[in-house]
There are 2 protein chains.
Amino acid sequence: MSKQAVSRILAALTAGQPCCAPISERRIPAEVAALLAPAFKALGDPVRLQLMSMIASAPGGEICVCDLTPAFALSGPTISHHLRTLREAGLVEAERRGTWVYYRARPQVMRRLASLLSTEVAAGA
Amino acid sequence: MSKQAVSRILAALTAGQPCCAPISERRIPAEVAALLAPAFKALGDPVRLQLMSMIASAPGGEICVCDLTPAFALSGPTISHHLRTLREAGLVEAERRGTWVYYRARPQVMRRLASLLSTEVAAGA
DNA sequence: GGGCTGTCTTGACATTTCTCGAATCAGAGG
DNA sequence: CCTCTGATTCGAGAAATGTCAAGACAGCCC
C-alpha cells in the first residue's frame with residue numbers, strides 16, 4: 001500500500017464526528033467504503049485479530065514485539081508482516097525504544113469502527 | 001466454507017453476553033479469533049461494505065437484490081458472490097419471495113462486532 | 001408446457017494474501 | 001570496530017480471493 005493511501009486512510013479514521021454515521025443509518029458512498037474497508041480487512045485475519053487484542057489489552061497500553069511473536073506458531077517475519085498490516089490500517093502505532101519495538105492501539109480508530117457498526121436497539125426487542 | 005463452519009460462526013456471533021468482552025479488555029483466545037475474524041473479513045471489501053450499508057440502512061429493513069446489483073459496475077454473479085460471503089459471515093440473511101430475493105441485516109451480529117471494538121474512553125481525554 | 005425474468009452456481013483466470021528463509025537494518029555492548 | 005540480538009524488508013511459492021461468462025435453477029405469466 002502506498003504512503004499516500006495510508007495517510008488518506010488515517011485521515012479518514014481519525015477525522016471528526018460528522019464524517020461517519022453508522023452504516024445502518026445511511027448508505028456509505030463508495031469513496032468512504034474504500035477508505036474504511038482496509039481497517040476491517042486488517043481485522044479479518046485470525047492472527048491479526050489476536051495481535052490486535054493482545055496490543056489493545058496490554059497492561060500499560062503497550063506491548064513489545066518480543067512478547068507478541070512467541071505467542072504464535074509463526075515466524076518472526078510473518079508476525080512483522082501482520083503488524084505492518086495493522087499499522088497501515090491505522091489500528092496500531094509502533095515505537096522503537098532501544099533494541100525493542102513497542103506497539104500501542106489507537107483507541108480513537110477502534111471507536112470509530114465500533115460506531116460504524118452500531119445500530120439502534122429495536123424498541124420491541 | 002463448510003456448513004458446519006458457518007453454523008459455528010453464527011452460534012458464536014449470536015451467543016449471549018458472556019462470551020465476548022471487548023478485545024481491549026482481555027486477550028481473545030485463538031479459537032474465538034478464528035470464529036470472529038470471518039465477520040470482519042467480510043466487511044473488509046469495499047463492495048461488501050457498501051452492500052452491508054445498503055442492506056442495513058434499507059427502509060423497511062430489507063432490500064431486493066434487484067436494487068443492489070445496479071448500484072455497482074459489477075456483474076450479477078459477482079454481487080451474488082459478495083452477498084453469499086456476507087451471509088456466511090452471519091451479517092445478513094436472505095429470503096426469497098416469488099421472483100425476488102430480499103436481504104436483511106442481522107443487527108445482533110453487528111452490535112456484537114461493535115462491542116468487540118469498543119474501548120474505554122480515557123479519563124483525561 | 002413454453003418462454004421470460006431474476007438469482008445463484010460453476011468453471012476459469014488474474015490478482016492478492018499468507019507464509020517462510022535469507023538478507024538487511026537498528027541499537028547495545030564488548 | 002566487531003559481534004550479538006531484535007525487528008523489518010526482500011524474494012519466492014502455495015493458497016485464497018475477486019471477477020466474469022456460461023449454465024442452471026426458481027418462480028411468474030401467457
Side-chain angles (χ1 to χ4, degrees), chain A residues 1-3 5-6 9 30 33-34 37-52 54-55 58 62-89 91-104, chain B residues 1-3 5-6 9 30 33-34 37-52 54-55 58 62-89 91-104:
Chain A
M1 193 153 28
S2 77
K3 281 195 177 176
V6 172
I9 290 169
F40 288 114
K41 186 186 220 170
L43 295 174
D45 179 276
V47 173
R48 284 194 297 266
L49 194 52
Q50 281 184 84
L51 284 170
M52 189 69 221
M54 291 176 74
I55 296 169
E62 62 180 19
I63 187 169
C64 175
V65 173
C66 59
D67 290 325
L68 294 171
T69 305
F72 300 85
L74 293 172
S75 70
T78 297
I79 298 298
S80 189
H81 159 71
H82 284 306
L83 289 172
R84 175 210 273 260
T85 302
L86 289 173
R87 237 163 41 224
E88 293 189 341
L91 288 161
V92 302
E93 56 192 359
E95 181 192 351
R96 168 159 230 133
R97 285 208 300 277
T99 306
W100 294 278
V101 175
Y102 293 86
Y103 277 76
R104 264 189 302 278
Chain B
M1 194 151 31
S2 78
K3 280 196 178 176
V6 172
I9 289 169
F40 288 114
K41 185 185 221 171
L43 296 174
D45 179 277
V47 172
R48 285 195 296 267
L49 194 52
Q50 282 184 83
L51 283 169
M52 188 69 221
M54 292 176 73
I55 296 169
E62 62 181 17
I63 188 169
C64 174
V65 173
C66 60
D67 291 325
L68 294 172
T69 304
F72 300 85
L74 293 172
S75 71
T78 297
I79 297 299
S80 188
H81 160 71
H82 284 306
L83 289 172
R84 175 211 272 260
T85 303
L86 289 173
R87 238 162 41 224
E88 292 189 341
L91 288 161
V92 302
E93 56 192 0
E95 182 191 350
R96 169 159 231 134
R97 286 209 300 277
T99 305
W100 293 278
V101 176
Y102 293 85
Y103 278 77
R104 264 188 302 277

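Reminder, nothing fancy here: chain letters follow the sequence lines and each chain counts from 1.
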Identify each atom pair where a protein N or O and an N or O of nucleotides 6-12 of chain C are less than 3.5 Å apart, giving names and distance.
unit_1, atom_1, unit_2, atom_2, d
C:dT7, OP1, B:Cys66, N, 3.0
C:dC8, OP1, B:Tyr103, OH, 3.0
C:dC8, OP2, B:Ser80, OG, 3.1
C:dC8, O5', B:Ser80, OG, 3.4
C:dT9, OP2, B:Arg84, NH2, 3.3

What is the first contacted nucleotide of DNA chain D and what is the last, in 5' to 3' order, if contact means an atom lying under 4.0 angstrom from a heavy atom of chain A? D:dG6 to D:dT9
Partner residues of B:Arg104 under the salt bridge (charged side-chain N to carboxylate O under 4.0 Å, His left out) criterion, sequence neighbours left out: B:Glu62, B:Glu93, B:Glu95
In whole angstrom, give the distance that lies between atom NE2 of A:His82 and atom C1' of C:dC18. 6 Å
Per-pair distances, 0.1 Å, donor-acceptor, side chain in residues 63-79 of chain B, under 3.5 Å, sequence neighbours excluded:
unit_1, atom_1, unit_2, atom_2, d
B:Thr69, OG1, B:Val65, O, 3.1
B:Ser75, OG, B:Thr78, N, 3.3
B:Ser75, OG, B:Thr78, OG1, 3.0

Return the set of residues passing side-chain hydrogen bond (donor to acceptor under 3.5 Å, both in side chains) with B:His81 (not counting sequence neighbours), or none when no residue passes. none
Side chain proximity check, A:Val92 to A:Leu83, heavy atoms < 4.5 angstrom: no
Quick check for you: to the nearest 0.5 Å, what is the distance between B:His82 atom NE2 and B:Leu49 atom CG? 12.0 Å
Tell me which residues in residues 39-48 of chain B lie within less than 4.0 Å of DNA chain C, going by non-hydrogen atoms. none
Residue pair B:Ala37 / A:Pro46: nearest heavy atoms and the distance that separates them: CB-N, 3.6 Å
With B:Ala94 via side-chain contact (heavy atoms from CB on, under 4.5 Å) - residues at least two apart: B:Arg87, B:Val101, B:Tyr103
Starting at atom CD of A:Glu95, determine the distance to atom P of C:dA26, rounded to an integer number of angstrom. 17 Å
For A:Ala34, side-chain contact (heavy atoms from CB on, under 4.5 Å) partners two or more places apart: none
Could you work out, with side-chain contact (heavy atoms from CB on, under 4.5 Å) as the rule, every residue matching B:Ala42, not counting sequence neighbours? B:Arg48, B:Thr85, B:Leu86, B:Ala89, B:Leu91
side-chain contact (heavy atoms from CB on, under 4.5 Å) involving B:Ala39 - partner list, sequence neighbours excluded: B:Leu13, B:Leu113
